[in-house]
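The structure appears right after this line, and notes come after that.
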Amino acid sequence: MRKDVRILLVGEPKVGKTSLIMSLVSEEFPDVVPYRVEEITIPADVTPERVPTHIVDYSEAEQTDEQLFQEISKANVICIVYSVNNRTSMEKVTEHWIPLITENTDKDSRVPLILVGNKSDLVEHSSMETILPIMNQYSEIETCVECSAKNLKNISELFYYAQKAVLHPTGPLYCPENKQMKPLCVKALTRIFKVSDLDNDGILKDNELNFFQRACFHSPLEPQALEDVKNVVRKNLIDGVLHNGLTLKGFLFLHTLFIQRGRHETTWTVLRRFGYDDDLELNQDYLFPPLKVPPDCSTELNHNAYLFLQSVFDKHDKDRDCALSPDELRDLFDVFPYTPWGPDVNNTVCTNEQGWITYQGFLSQWTLTTYLDVQRCLEYFGYLGYSIVAEQESQAAGITVTRAKKIDLQKKQTQRNVFRCNVFGAVGSGKSGFLQAFLGRNLLRQNMMKEEHRSFYAISTTFVYGQEKYLLLHEVFPDLDYLTDADMGCDVVCLLYDVSNACSLEYCAKVFKQYFMDSKTPCMMVAAKSDLPEVKQTYGCSPLEFCRKHKMPPPQSFTCNTAAAPDREIYTKLTTMAMYPHARLRCMCTCNRCTFCLCQNLLNSELLQSIRAKLYAVVLRRHIIQEDLSSATFWLRASVGATVFAVLGVALFRALLKTR
Ligand code: GDP
Ligand code: MG
C-alpha cells in the first residue's frame with residue numbers, strides 16, 4: 001500500500017479553495033481567509049483510509065507559475081475547484097486547468113482529477129448538467145462533487161474521494177468509454193474466481209462465497225446479504241446465477257456494478273488480497289515472501305502444503321481416475337501466467353499407462369521443485385492462492401527449511417523427508433534407464449519416450465522402515481570437467497557401470513577416487529544391465545574387489561529389461577543409506593519382515609523415540625534442578641531404566657547384525 005497521499009487544490013481565485021481547507025480542518029467556516037494556507041498533513045489514524053494525507057493550497061497571488069507546476073507534478077490527485085455561481089470559473093476548468101495539468105504531468109501516469117463545485121449554498125440549481133459532459137470527455141476525471149465551505153456540506157466527502165482516487169484508482173479497472181472492465185482486470189478477477197471455486201464446478205456456492213468474503217473482508221456475509229447479492233445479479237443477467245451460486249459471468253458483473261457505483265474500493269480490496277498491485281500484476285512480496293535457507297539446509301513441503309496440494313489435485317481430477325489428463329492439467333494451470341511444466345515432467349515422476357501424472361507423481365513433482373528451486377515453488381503457490389486458500393500468513397508457511405546436514409551427521413539422526421542421490425556412470429552405462437525404472441518403467445516402455453522429453457531427474461517415494469520418504473535421483477552429465485557443486489552435494493552416491501561394457505567401471509572408479517573417497521557421503525556401486533552377459537572389466541580390479549577395498553556394499557545387480565515393472569528394492573536401499581550414512585550396513589535388507597528389519601523398525605518407531613526423548617529430558621533436568629529426595633529416587637530409577645533399555649536395544653541390534 002501507499003505511504004501517503006498528496007492532494008492539491010487549484011482553480012480560479014476566490015472560488016473558495018482556502019476556505020474549503022480551513023473548513024475541513026476547523027469544522028467551521030472562516031470569516032477571514034488568507035490567500036493561501038500552508039501545507040497541512042492529516043495523520044493516518046484520522047483519515048478514512050488510514051494513510052497520512054497532505055493537503056496543498058494554491059494562490060495565484062502568492063505563487064509563481066513555476067511553483068504551481070512543481071506542485072502539480074508532486075500531487076497524487078488534483079481537485080479543480082470552481083464556484084457554482086460563477087460561469088467563468090467553470091469554463092476555466094476545461095479551457096485552462098485541465099490542459100495545464102496534462103502538460104505538467106507524465107503521459108503514462110496521469111494524475112486523477114476531481115471536479116469540485118463550491119458555494120453550493122448560494123444557488124438552487126445544480127451544476128451537474130454542465131459538468132457531466134466534461135467528465136465523459138476526460139477519463140482522468142475520477143469524480144465530481146458539489147459542496148459548500150460555508151455550511152460544511154460534502155467537505156469530508158470531498159477529501160475522502162480524493163484519497164480514494166489515489167488509493168483505489170478506477171483507471172486500471174474500468175474503461176468509462178465502453179462502460180466495461182479492462183481486460184487485465186477481467187483476467188485477474190477470473191483467476192480469483194477460479195481460486196475461490198474450491199470444488200471447481202464453475203459456480204461460487206454459498207460456502208465458497210462465504211470463504212471468499214472472509215478471506216477478503218474478514219467477515220462472512222449475512223444470509224440475507226448473500227441472497228441480495230444473488231438477486232441483484234439474477235435481475236440483470238440470465239446466466240449470472242446457476243444452482244443458487246454465482247457463475248464467473250455473475251461474479252464479473254457484480255464487480256462491474258461495484259465500480260460503476262463508485263464502490264471500486266471493494267474490487268481493489270479483493271484484488272489486493274489476491275496479491276495484485278496497482279498495475280494489476282501479482283506483486284513480488286506476494287509471490288516471493290522472504291525465506292531464509294542457510295547453507296547446508298534443504299527445503300521441503302510441510303504437511304499443510306501437502307494437504308493443500310492434495311485439494312488442488314482433487315479439485316482438478318474431475319473424472320476421479322487419480323491422474324491428471326492434459327485437459328485437467330491445463331485447467332489447473334489456468335491460474336498461472338504461463339505453463340510451468342514441460343513434457344519432461346512426465347518423465348520425472350510417476351504416470352499412469354496413458355502417461356498422465358498420477359497423484360503420487362503430482363506430489364513428487366512439487367517436492368522436487370521445492371527441493372531444487374524453492375523460490376519457484378513459492379511463486380507457483382502464489383498463483384494457486386496457497387496463502388489464501390490454506391489461510392496462511394504467506395506462501396512461505398508451506399515450506400520447511402531442514403536443519404543443516406552437518407548437525408544431522410553429528411546427531412546421527414535426520415528429520416529430512418527428501419534425499420538426493422546423484423547417479424554417476426559413463427556414457428551409455430544405463431543411468432537414464434536406472435532413473436526411469438524408479439518410476440516403474442521397464443526398458444520396453446522407456447524406448448517409447450521421446451528424446452526431447454527426457455529428464456535428468458526422477459523422483460518418487462520409497463518406504464524405509466515403515467516411513468515414506470522421497471528419493472530424488474539425478475543423472476549427472478558424465479563429463480568430469482563440467483561437474484557443479486550440486487553434482488557433488490547429495491545424500492548418497494550411485495556409481496553405475498554396465499556389466500556388458502568392459503571399460504565402464506573405470507569411469508566409476510575415477511569419480512569415486514576424485515570426489516567421494518574422502519567424503520562422508522555413502523556410495524553404492526550398481527551393476528547395470530545385469531540381464532546381459534557379464535564381461536571382465538579392464539580396470540585393475542573387479543567391481544567386488546573395488547567395493548571391498550573402499551568399504552562399500554558389494555555391487556548391486558540391476559536391470560530394467562524386465563517384463564513387469566523393474567524391482568524397486570535398490571531404491572529403498574539407496575534411501576536407507578542416505579538416511580543412515582553412519583550405519584555400515586552389511587545387511588542391505590529392507591524386506592520389512594525379517595528380524596533385522598523388525599528390530600530396525602522398533603528402534604526407529606516414533607513411540608520408542610518419544611519415550612527415549614522424554615527419559616533423556618527427565619534425566620537432564622534432574623541434573624540441573626536438585627529436586628527433593630523422594631522425587632529424586634523416582635527419577636534415578638527412571639534414568640537407570642532408560643539406560644538399561646538403551647543398552648539392551650543396542651545389544652540386540654548388534655547380535656542380529658552378527659548373525660547375518
Ligand atoms: P480561494 O481564492 O479560492 O482560496 O478562495 P477563498 O477561500 O479565499 O474564498 C473566496 C471568498 O469566497 C471568501 O470571501 C469566502 O468567504 C467565500 N467562500 C468560500 N467558500 C464559500 C462557500 O462555500 N459559500 C459561500 N457563500 N462563500 C464562500
Ligand atoms: Mg486562497
Side-chain angles (χ1 to χ4, degrees), residues 5-42 53-105 111-132 134-135 138 141-163 165:
V5 170
R6 195 173 174 85
I7 305 173
L8 171 67
L9 278 75
V10 298
E12 296 303 296
K14 299 287 158 206
V15 291
K17 300 180 292 297
T18 311
S19 306
L20 281 170
I21 299 175
M22 290 174 72
S23 291
L24 174 82
V25 176
S26 62
E27 290 185 348
E28 57 184 11
F29 182 58
D31 291 327
V32 196
V33 263
Y35 280 124
R36 179 173 179 269
V37 285
E38 283 303 312
E39 171 182 331
I40 60 161
T41 299
I42 307 177
T53 303
H54 313 280
I55 302 178
V56 183
D57 194 8
Y58 162 71
S59 160
E60 202 180 81
E62 285 195 352
Q63 285 172 295
T64 63
D65 281 353
E66 196 45 50
Q67 282 170 318
L68 171 64
F69 300 156
Q70 257 181 21
E71 284 300 344
I72 288 177
S73 60
K74 278 199 307 197
N76 302 125
V77 52
I78 300 177
C79 299
I80 307 179
V81 188
Y82 61 91
S83 167
V84 287
N85 68 345
N86 179 339
R87 276 219 81 80
T88 326
S89 73
M90 221 181 288
E91 282 159 14
K92 287 275 186 170
V93 170
T94 46
E95 283 170 15
H96 178 67
W97 290 106
I98 296 181
L100 183 91
I101 292 167
T102 318
E103 275 166 36
N104 286 285
T105 46
V111 58
L113 305 178
I114 292 178
L115 301 187
V116 183
N118 188 30
K119 308 195 189 180
S120 67
D121 55 292
L122 294 181
V123 291
E124 292 291 303
H125 66 272
S126 155
S127 63
M128 281 304 151
E129 261 171 51
T130 331
I131 291 304
L132 281 178
I134 305 180
M135 271 195 74
Y138 297 94
I141 302 178
E142 276 285 326
T143 188
C144 57
V145 54
E146 284 190 349
C147 59
S148 161
K150 186 160 185 181
N151 56 22
L152 304 180
K153 190 180 146 208
N154 276 349
I155 304 294
S156 16
E157 284 84 347
L158 156 65
F159 290 98
Y160 173 52
Y161 292 148
Q163 240 187 13

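All ligand and atom numbering here is 1-based and tracks the order in the structure. Model, not experiment: these values are computed from the prediction.
The protein heavy-atom contact nearest to atom 2 (O) of ligand 1 is Lys14 N, 2.8 Å. Atom 12 (O) of ligand 1 has its closest protein heavy atom at Lys119 NZ, 3.0 Å. If you check which protein heavy atom lies closest to atom 16 (O) of ligand 1, you get Phe29 CZ, 3.3 Å. With respect to atom 4 (O) of ligand 1, the closest heavy atom belonging to the protein is Thr18 OG1, 2.7 Å. Nearest to atom 7 (O) of ligand 1 among the protein's heavy atoms is Ser19 OG, 2.5 Å. Atom 5 (O) of ligand 1 has Gly16 N, 2.9 Å as its closest protein atom, hydrogens excluded (heavy atom only). For atom 8 (O) of ligand 1, the nearest protein heavy atom (residue, atom name, distance) is Val33 CG2, 3.6 Å. Ranking protein heavy atoms by distance to atom 24 (N) of ligand 1, first place goes to Asp121 OD1, 2.8 Å.
Residue Ser148 has at least one heavy-atom neighbour below 4.0 Å for each of these atoms of ligand 1: 23 (O). Each of the atoms 26 (N) of ligand 1 lies under 4.0 Å from some heavy atom of Leu122. Residue Lys17 has at least one heavy-atom neighbour below 4.0 Å for each of these atoms of ligand 1: 1 (P), 2 (O), 3 (O), 4 (O), 5 (O), 7 (O). Near Ala149, the atoms of ligand 1 lying under 4.0 angstrom from a non-hydrogen atom of the residue are 20 (N), 22 (C), 23 (O).
Here the CD1-CD1 distance, from Ile55 to Ile21, works out to 6.5 Å after rounding to the nearest 0.5 Å. In this structure, OG1 in Thr64 is found 8.5 Å from CZ in Phe69, a value given to the nearest 0.5 Å. Distance check, rounded to the nearest 0.5 Å: CG of Asn104 to CG of Leu68 gives 7.0 Å. Interatomic distance, His96 NE2 to Ile101 CD1, rounded to the nearest 0.5 Å: 9.0 Å.
Residues Ile134 and Thr130 approach most closely at CG1-O, 3.5 Å, considering heavy atoms. Of all non-hydrogen atoms in Val77 and Ala165, the two that sit nearest each other are CG2-CB, 4.2 Å. In terms of heavy-atom proximity, Ser148 sits nearest to Asp121 at OG-OD1, 2.8 Å. In terms of heavy atoms, Ser89 sits closest to Glu12 at CA-CG, 4.0 Å.
The proximity of Val15 to ligand 1, defined as any non-hydrogen pair under 4.0 Å, involves the side chain as well as the backbone.
Thr102 and Tyr138 are not linked by any side-chain donor-acceptor pair at a separation below 3.5 angstrom, with hydrogens and angles left out of the test.
A salt bridge links Arg6 with Glu71: the distance from a Lys NZ or Arg NE/NH1/NH2 to an Asp or Glu carboxylate oxygen falls below 4.0 Å.
Considering backbone and side-chain atoms together, Asn118 places an N or O closer than 3.5 Å to an N or O of ligand 1.
The shortest distance between side-chain heavy atoms of Leu158 and Tyr161 does not fall below 4.5 Å.
If you run side chain to side chain contact (heavy atoms under 4.5 Å, CB included) between Asp57 and each of Glu39, Glu62, Lys17, Met22, only Lys17 comes through.
For the Mg ion (ligand 2), the set of protein N/O/S atoms nearer than 2.8 Å consists of Thr18 OG1, Tyr35 O, ordered by chain and number.
Screening residues 90-102 for salt bridge (charged side-chain N to carboxylate O under 4.0 Å, His left out) gives Arg87-Glu91 as the qualifying pairs, with residues at least two apart or on separate chains.
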